[in-house]
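Data first, discussion second: the structure below is written as structure tokens.
Just so it is clear, the model here is predicted, and its values are computed rather than measured. Counting from 1, the numbers follow the sequence of the chain as shown.
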Amino acid sequence: MSWITDAKMVAAVSNAGGMGVLGPNAGAKFEGSKKISTKERLRNKLRKIKSLTDKPFAVIFSLQKRGRMIRTHKPF
């Protein structure tokens with residue numbers, strides 16, 4: 001659901017009594033015809049959610065080094 005979740009969906013779920021969750025890849029990589037960074041896109045989505053609901057919601061952050069996955073366990 002990470003790719004299709006947007007501010008309206010998160011706010012709607014929260015307003016309905018559920019836990020709306022915004023994923024790290026929420027929405028498209030472009031807003032209109034302009035390419036936008038992940039940081040700026042998330043900032044815009046958070047502002048939009050806060051304008052649509054006063055209920056709690058969650059945000060998922062992905063922590064990894066650029067270009068490399070972080071291993072949390074050793075393979076067998």
Side-chain angles (χ1 to χ4, degrees):
M1 298 289 294
S2 178
W3 290 102
I4 64 169
T5 303
D6 66 355
K8 290 179 188 176
M9 182 175 179
V10 173
V13 171
S14 291
N15 285 332
M19 177 58 74
V21 180
L22 184 68
N25 297 313
K29 292 188 178 192
F30 293 85
E31 287 191 7
S33 61
K34 180 176 120 180
K35 187 170 182 175
I36 188 165
S37 72
T38 300
K39 178 175 74 171
E40 192 62 31
R41 186 177 64 248
L42 281 174
R43 183 178 289 136
N44 292 342
K45 300 284 183 197
L46 291 171
R47 286 182 183 135
K48 181 72 173 175
I49 294 167
K50 288 176 133 187
S51 75
L52 296 172
T53 187
D54 61 350
K55 307 285 190 213
F57 63 92
V59 180
I60 297 173
F61 290 99
S62 177
L63 303 176
Q64 66 183 27
K65 290 183 180 180
R66 185 175 289 231
R68 293 180 54 193
M69 293 295 291
I70 298 174
R71 282 190 192 242
T72 57
H73 67 281
K74 292 182 181 179
F76 293 103

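- When Val59, Thr53, Asn15, Leu22 are each tested for a side chain to side chain contact (heavy atoms under 4.5 Å, CB included) with Val10, only one passes: Leu22.
- Evaluation of the side-chain hydrogen bond (donor to acceptor under 3.5 Å, both in side chains) rule for Ser14 yields no partner, not counting sequence neighbours.
- Residues that satisfy the side-chain contact (heavy atoms from CB on, under 4.5 Å) test with Ala58, not counting sequence neighbours, are Met19, Val21.
- Here the closest non-hydrogen pair linking Asp6 and Met9 is OD1-N, 3.0 Å.
- Here Leu52 sits alone; no ILVMFWY side chain lies under 4.5 Å from its own, so it joins no hydrophobic cluster.
- Across Lys48, Arg41, Glu40, a single residue satisfies side chain to side chain contact (heavy atoms under 4.5 Å, CB included) together with Asn44, and that is Glu40.
- Annotation: the span from Thr5 atom OG1 to Ile60 atom CD1 amounts to 8.5 Å, rounded to 0.5 Å.
- Between Ile49 atom CD1 and Leu42 atom CG the span is 9.0 Å, to the nearest 0.5 Å.
- The salt bridge (charged side-chain N to carboxylate O under 4.0 Å, His left out) search around Arg47 returns none, not counting sequence neighbours.
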